[in-house]
Amino acid sequence: MSKVNLLGLSRESLEAFFAEQGEKAFRATQVMKWIHHRGVTDFAAMTDLSKSLRERLEAVAEVRLPTVEFDQASADGTRKWVFRLDSGNSVETVYIPEEKRATLCVSSQVGCSLTCRFCSTARQGFNRNLRAEEIVAQVFLANRLLEHEVVPGRKITNVVFMGMGEPLLNFDAVVEAARVLVDDLAYGLSKRRVTISTAGVVPAIDRLAEAVDVSLAVSLHAPNNAVRDELVPLNRKYPLEVLMPALDRFSPRSSIETITYEYVMLEGVNDSDDHARELADLLRDRPVKVNLIPFNPFPGSGYACSSNNRMHAFGRILLANGLCTTIRKTRGEDISAACGQLVGEVEDRSRREQRLQRMNIGA
Ligand code: SAH
């Protein structure tokens, strides 16, 4: 029988695990603190548990981590790690230090099954969902690997699910991991500082607010279906007239009403004044924050990033229409750690080529 990896269990799940072992619920509190606060992975070192319990845990459970395959620092302080998983695949995680924040961009899948045309992860194909412990492990390891940083002991303050994969197509594991991230017994992150980003998986958006209370970002990238169908083919399944009402249902049910809309700036594709006005009309009277993302190129993408002037002109129209708008600063470009540049090592199992051809959008 394979051992249960306790790293990815939320407080409720860990309490259920101990109940099955005939143990009291407070064992979960003890063990979570050992693992996530103190970084202890060896049951023998968990000295406030009885010797017999420690031995029993040894037999049925484990705290196992991926290995660090690659660790690269950018000139701007961004760091990219490649973590090697049991299955032989690897995923990428990016650390983005700012003055008052230390953000970790985590992956939720090995590869991605979506086919957004401006994203290099999409070119990799899809292998599998990450397990909750493989998501939590990215935060666990980042904190460990940062222990000897310039600011010693600096801990991750924000987690964004904006690495490889579509988080809402790996719903259960992402929700379980997010519960661990916001739990005081583990990482204690504020729900405002844990953000799940989605290309717009409508049925999952409807389930999210009830499952875990964290922030939501939506990769919109277009103000109308014609452009969005091209850029985010998932839009053909959940077009704007279906997506927007789902987001309107989400806001009042979540304690964080404001949704962030990500909008990648692609020269000549979605960046005109007309697009900006159309976007302002689409988002009017909604609690939104718009984040304009400079497109990060990769070989063969076929797109270019809008000029700085264009991005600012676009942003000014949104601001003039009362939309809170920011332009994301690109970080870690020199080490391919910027948005949309994460590739990991993915053995494609999705027959991507065939699907792309079927959708007539080429590989
Ligand atoms: N699947 C999720 C999360 C992963 S992508 C989602 O779609 O939201 C995280 C963000 O990076 C998304 O907004 C995505 O559209 C954006 N992105 C992807 N490729 C990019 C690129 N080449 N340049 C800039 N942003 C990109």
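Atoms considered below: every heavy atom in the structure, side chains included; atoms not considered: hydrogens, waters and symmetry mates. Along the sequence shown, residues carry numbers from 1. When a ligand or atom number is given, it counts from 1 through the structure's own listing order.
Listed by number with element, the atoms of ligand 1 under 4.0 angstrom from any heavy atom of Gly165 are 1 (N), 2 (C), 3 (C), 4 (C). Of all atoms in ligand 1, listed by their number and element, those nearer than 4.0 Å to a heavy atom of His221 are 13 (O), 14 (C), 15 (O). Heavy-atom proximity to Pro294, at under 4.0 Å, picks out these atoms of ligand 1: 24 (C). Close approach of ligand 1 to Asn296 (heavy-atom distance below 4.0 Å) involves ligand atoms 21 (C), 22 (N), 23 (N), 24 (C). Close approach of ligand 1 to Ala199 (heavy-atom distance below 4.0 Å) involves ligand atoms 6 (C), 7 (O), 8 (O).
The proximity of Ile293 to ligand 1, defined as any non-hydrogen pair under 4.0 Å, is limited to the side chain. Looking at Glu262 against ligand 1, only its side chain comes within 4.0 Å, counting heavy atoms. Only the backbone of Thr198 comes within contact range of ligand 1, with a heavy atom under 4.0 Å; no side-chain atom does.
Ion pairing between a basic and an acidic side chain is recognised when a charged N comes within 4.0 Å of a carboxylate O; Lys237 and Asp229 show no such pairing.
Note on ligand 1: Gly163 sits in its first shell, one or more heavy atoms being nearer than 4.0 Å. No heavy atom of Cys105 sits closer than 4.0 Å to any atom of ligand 1. Heavy-atom distances between Phe161 and ligand 1 reach below 4.0 Å in at least one pair. The closest approach between any non-hydrogen atom of Met164 and ligand 1 is not below 4.0 Å.
In this structure, Tyr263 and Phe314 have tilted ring planes: the angle between them lies in the 30° to 60° band.
Side-chain contact, Ser197 with Glu262: a donor N or O sits under 3.5 Å from an acceptor N or O.
Glu134 pairs with exactly one of Arg128, Arg64, Arg84 by the salt bridge (charged side-chain N to carboxylate O under 4.0 Å, His left out) rule, that one being Arg128.
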